[in-house]
2 protein chains.
Amino acid sequence: MANRAALSEEDVCARVRDSVLEQRLAPGTKLTEESLCAVFGVGRTTVRRAFLLLKRDNIIELQKNRGAMVASPSPEEARQVFESRILVETGLLKTTIKTVTLIDIEQLRGHLLAEKAALENADIARWIRLTGEFHLLLAKLAGNKLLDAFLEQLVFQTSLIVALYGPGSTGPNCSGDDHRQLVDALSAGDHSHANDLLVQHLHEIEAQLEFAPQQPFGDLQTIFGEARTA
Amino acid sequence: MANRAALSEEDVCARVRDSVLEQRLAPGTKLTEESLCAVFGVGRTTVRRAFLLLKRDNIIELQKNRGAMVASPSPEEARQVFESRILVETGLLKTTIKTVTLIDIEQLRGHLLAEKAALENADIARWIRLTGEFHLLLAKLAGNKLLDAFLEQLVFQTSLIVALYGPGSTGPNCSGDDHRQLVDALSAGDHSHANDLLVQHLHEIEAQLEFAPQQPFGDLQTIFGEARTA
DNA sequence: TCTTCTAATATTGTTGACAATCGAATAAAA
DNA sequence: TTTTATTCGATTGTCAACAATATTAGAAGA
């Protein structure tokens with residue numbers, strides 16, 4: 001059994017975000033306080049505070065007296081997310097390309113292997129999560145915590161957007177080889193090429209969106225139950 | 001008298017942020033729950049939730065069992081704030097220069113007048129706030145709410161940074177004429193020039209910083225009392 | 001006088017009960 | 001059958017009391 005030390009609001013927030021990142025929590029899902037209390041074994045106070053954090057990150061929407069539901073970004077919001085990602089990620093890349101070390105490259109390649117393994121094991125949830133985390137890992141190399149945190153928000157929202165408007169459940173969040181090519185360009189110190197690849201990669205994902213919503217669903221206990229696979 | 005409808009955590013959060021923006025709340029100031037309850041006439045629940053929001057915006061620091069204090073960004077954090085601002089603001093400018101309308105220019109010029117008036121009236125608090133809001137107004141024209149919200153965070157943090165490391169109390173947050181020149185360039189549709197001015201403007205502010213902290217102070221009741229001058 | 005320990009005070013953290021509000025189900029009327 | 005009211009159950013919002021923790025003040029000893 002997991003330890004019984006009470007989870008903090010940050011923990012609950014992280015768990016919910018994980019579920020969003022792995023697309024086990026569909027946009028529009030109603031989150032009642034009581035159910036989350038039960039799932040995570042915490043009091044309403046903690047859940048309530050977690051809701052506040054999640055709202056600030058645009059992961060849930062809070063309506064007065066009507067509770068919380070997982071956010072459903074509009075097409076316009078989706079556009080803004082990708083616009084922001086391109087700006088931030090290319091900005092970070094400009095720094096990274098100048099400071100990147102061999103150790104960093106090793107770490108990135110290690111991550112690529114993990115992505116590949118997850119895909120081969122047909123562990124789709126894990127793969128979806130890893131492809132998102134690749135971008136965060138890449139961002140971290142630039143050493144700007146503020147932009148990191150902001151990009152994190154954007155990546156989580158991207159997950160919601162892909163869940164809403166993306167291609168069928170088989171469809172990739174990030175097509176397989178793009179990340180490897182990007183690491184290669186980075187390793188070669190070719191900023192212009194790396195930049196092109198990054199922009200193209202993001203545009204590709206955006207281009208695959210079809211703005212006609214759909215609604216999968218899931219049971220909360222199941223969804224949250226198997227969160228910690230890392 | 002103002003209406004007695006209870007303020008929400010967002011309201012409290014906004015009031016505190018206003019005070020930070022106008023530099024009436026010094027970095028390091030201890031914020032006890034009870035004092036804020038008294039000042040704003042709300043319960044501890046509301047203050048507590050506001051604290052959570054303020055923490056997420058890096059405006060206060062929360063220590064377990066030790067309460068909240070206004071954040072004191074480190075020199076490294078200051079560097080990251082300016083790096084982020086340059087990235088975001090130049091990115092937004094690239095959009096704005098393509099879509100800006102005469103009405104937008106009018107609005108910006110109106111803001112410049114307000115800045116000038118505040119300066120002439122020696123209403124320094126208001127002037128400091130307006131110079132910060134100029135950047136937010138400019139950003140809003142690009143029509144990306146996510147980047148807007150992020151820049152808002154950065155501007156508030158800039159206020160803390162200037163309070164900590166900036167030139168003496170007479171020193172300007174944004175030197176007077178820079179904003180006007182920027183609007184002129186924008187009005188002329190000269191992207192390259194506008195971009196240069198913006199970058200130079202931000203670099204100027206950063207260059208004026210001296211990383212040797214100082215500590216002004218103030219009474220909470222006074223600080224919050226005269227917040228709403230807009 | 002200075003240090004160290006203890007007790008008192010003040011502040012924060014948590015819980016549970018109660019109030020307010022919303023949504024659904026039912027019943028009544030057109 | 002459809003629409004409108006009303007009641008009931010469920011969910012959220014608020015508050016106050018209590019517990020846990022930290023800070024301060026004071027006393028004792030060197």
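Chain A is the first sequence line, chain B the second, and so forth, proteins listed ahead of strands; every chain is numbered from 1.
A:T45 meets the side-chain hydrogen bond (donor to acceptor under 3.5 Å, both in side chains) test with no other residue; sequence neighbours excluded. Evaluation of the side-chain hydrogen bond (donor to acceptor under 3.5 Å, both in side chains) rule for B:E206 yields no partner, not counting sequence neighbours.
The residues B:D57 and A:R56 are annotated as salt-bridged, a charged nitrogen and a carboxylate oxygen being separated by less than 4.0 angstrom.
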Q: If a protein heavy atom is under 4.0 Å from the base, mark B; if only from the sugar-phosphate, S; if neither, -; do that for nucleotides 8-19 of chain C going 5' to 3'.
A: ---SBBBB-B--
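Aromatic ring centres of A:H135 and A:H201: separated by under 6.0 Å.
A side chain to side chain contact (heavy atoms under 4.5 Å, CB included) with A:L164 holds for exactly one of A:P27, A:P75, A:S159; it is A:P27.
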